[in-house]
Amino acid sequence: MAKITFITRDNQTITVEGESGSVMALARQNGVKGIEGECGGVCSCATCHVHVQNGEFSRTGQQGTIEKDLLELNDHADETSRLCCQIRISDEIDGLVLRVAEKNSF
Amino acid sequence: MKKSTIPDPFEKARVESGHREMNDQNDPVSMILRHKDVRKSAHNWKTFQSGATPGRIVVPSEVNIRSLRQIPFEVDPPEHQSYRDLVEPWFKRPLEQSYQDKLAAIIQSELDKAIRKGTIEVVHEFSLPLQSRALTVLLNMPEDDAALWISWGTHVFRSEGDPLDGGKASGLTDYLDKKVEEVKKNPGTDLFSVLLASEINGRKLSDDEVKGVMMLTFAGGRDTVINFVTNTFAYLADHPESIERLRNEPEILETAIEELVRYFSPLTHMGRVVTQDTAVCEHAVKNDTRISLCWASANRDASVFENPNEVILDRKVNPHVSFGFGAHNCLGATHARTLMKILLTKLVESVKSMEILDCKENMENLDGLERKVGFHQIRIKLNPR
Ligand code: HEM
Ligand code: FES
């Protein structure tokens, strides 16, 4: 089980708990604003983009190749970026704080 | 080859050179075929613009059959963003329960009708009426209006055998003119009325802007949705094991829908006009010529998708571009996905298997190459559970 905290674009903090599945699905179930997950988590839409806070990026594992390619074309991506549909919930990520990224503008 | 198979005609050109030249009414097009190049070019709206002469970014070009600019489709950033911000909340309504309930009722009634008949011609007896009735929910218009839209057929600018039907295009323009006048006298809660009352950058939307948005909702969401629905029936008829799987594992539904839309790629490609001499995958493209972003080819790129020509319903990583990529990504995608989710859930609940009796393929002509996009007609027998 893991507790995860989201900071939304309007600086609201919401902490949610999950057992399994992806962080994006957990966020959607709990109505976390700004995590839309339009593609259902198959790494196609980037509407689940978050920045991992507190220098804890490595706890989420590495970006996959496909994830990296998609983030490369995102103006708000940086070295803390993850697509949270690609993060699995596990004890490893308990206590993680994720900031919802700005909407991709073009 | 199974009847539901959608072949990939681009593989050779994609692997060998990454592009393919085609002529279209003396305004040639360089089709961009690789996944990476398609996404990069879609992202690069400065060099590859949408806001050219209305109709020019469509292939075949619609320059000679319409002058109205479609919005936000034929507008570039930064103006594009203002329009997009204006209409986006409306196009997210499919996420609301009340919207889904309305859609579900329509889908159920069409399915019941189909099952009662036993054998249906899916394109005209299911997909077209379903698409039009569902559009009344998206536009928040009276359900009776669907009858007229159904009478327009599967594509608003194309008729069978004529990919550019000028008569049809002016029919749609007349309808939009009439509708705008009606709504001005008698405003309601439909999208026409909402747009007519809207402001952008501190001024009212003009009549032409309203018509430009509305034309797109009639044109963009029509044959795409019809092919998506029809091809799904064909696929499930050929794969009864998938019907069972979707019934037993509803948790893969969303992933399955993304995979089906990747495989079908209902919109083959969309053009852009080049604004400066440049190169795509080492291929020179000249200022004021056209490229096209070939979503259908990118979706079969083996450097990104394992076994690209197979439908893998639980494909977990699936960066398809069926709904486009970048600023212009599809506004109707939420509606299309919601519709498919309800349809698939209900279909596998009530149907055990289906059989394709006969069909006539719909081939898109790409100047020397043909791509199957779906069917002109397909008769299917439904075996209820
Ligand atoms: C399965 C069904 C559909 C597919 C495959 C599809 C595909 C696409 C694609 C590939 C684009 C990008 C075009 C570009 O980059 O130039 C697009 C844009 C668009 N689509 Fe769809 N579409 C579908 C359904 C719909 C529906 C139902 C509607 C609304 C009635 C719709 C409205 C739009 C609009 C308004 C745009 C332009 C967005 C913009 O320019 O910002 N589409 N669609
Ligand atoms: S939900 Fe679409 S990329 Fe994560």
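Naming: A, B, ... by sequence-line order, numbering from 1 per chain.
- B:Lys92 touches chain A through its side chain: at least one heavy atom from C-beta onward sits under 4.5 Å away, while N, CA, C and O do not.
- B:His43 contributes atom NE2, which lies 5.0 Å from atom CG of A:Asp75 (distance to the nearest 0.5 angstrom).
- Contact annotation: the side chain of A:Gln86 approaches that of B:Val317 to within less than 4.5 Å [non-hydrogen atoms, C-beta and beyond].
- For residues 21-44 of chain A, heavy-atom neighbours of chain B at less than 4.5 Å comprise A:Arg28, A:Glu36, A:Glu38, A:Cys39, A:Gly40, A:Gly41, A:Val42, A:Cys43, A:Ser44, sorted by residue number.
- Residues A:Lys103 and B:Glu88 are paired through a salt bridge, judged by an N-O separation under 4.0 Å between the basic side chain and the carboxylate.
- Identified by a heavy-atom distance below 4.5 Å to chain A, the contributing residues of residues 337-345 of chain B are B:Arg337, in residue-number order.
- Annotation for B:Glu199: atom CD counts as buried by contact number, over 12 foreign heavy atoms lying within 6.0 Å.
- Residue B:Arg262 does not touch chain A at all, counting heavy-atom pairs closer than 4.5 Å.
- Other residues, nucleotides and ligands contribute over 12 non-hydrogen atoms within 6.0 Å of the CD atom of B:Gln276.
- For B:Val304, the parts sitting under 4.5 Å from any heavy atom of chain A are the backbone and the side chain alike.
- Note that CG of A:Leu73 and NZ of B:Lys36 are 8.5 Å apart. Values are rounded to the nearest 0.5 Å.
- A 6.0 Å sphere centred on CD of B:Glu306 holds no more than 12 heavy atoms belonging to other residues, nucleotides or ligands.
- Under a cut-off of 6.0 angstrom, the local environment of CD in B:Glu11 is sparse, with at most 12 non-hydrogen atoms contributed by other residues, nucleotides or ligands.
- B:Phe325 is listed as a side-chain neighbour of A:Leu70, based on a closest heavy-atom distance under 4.5 Å.
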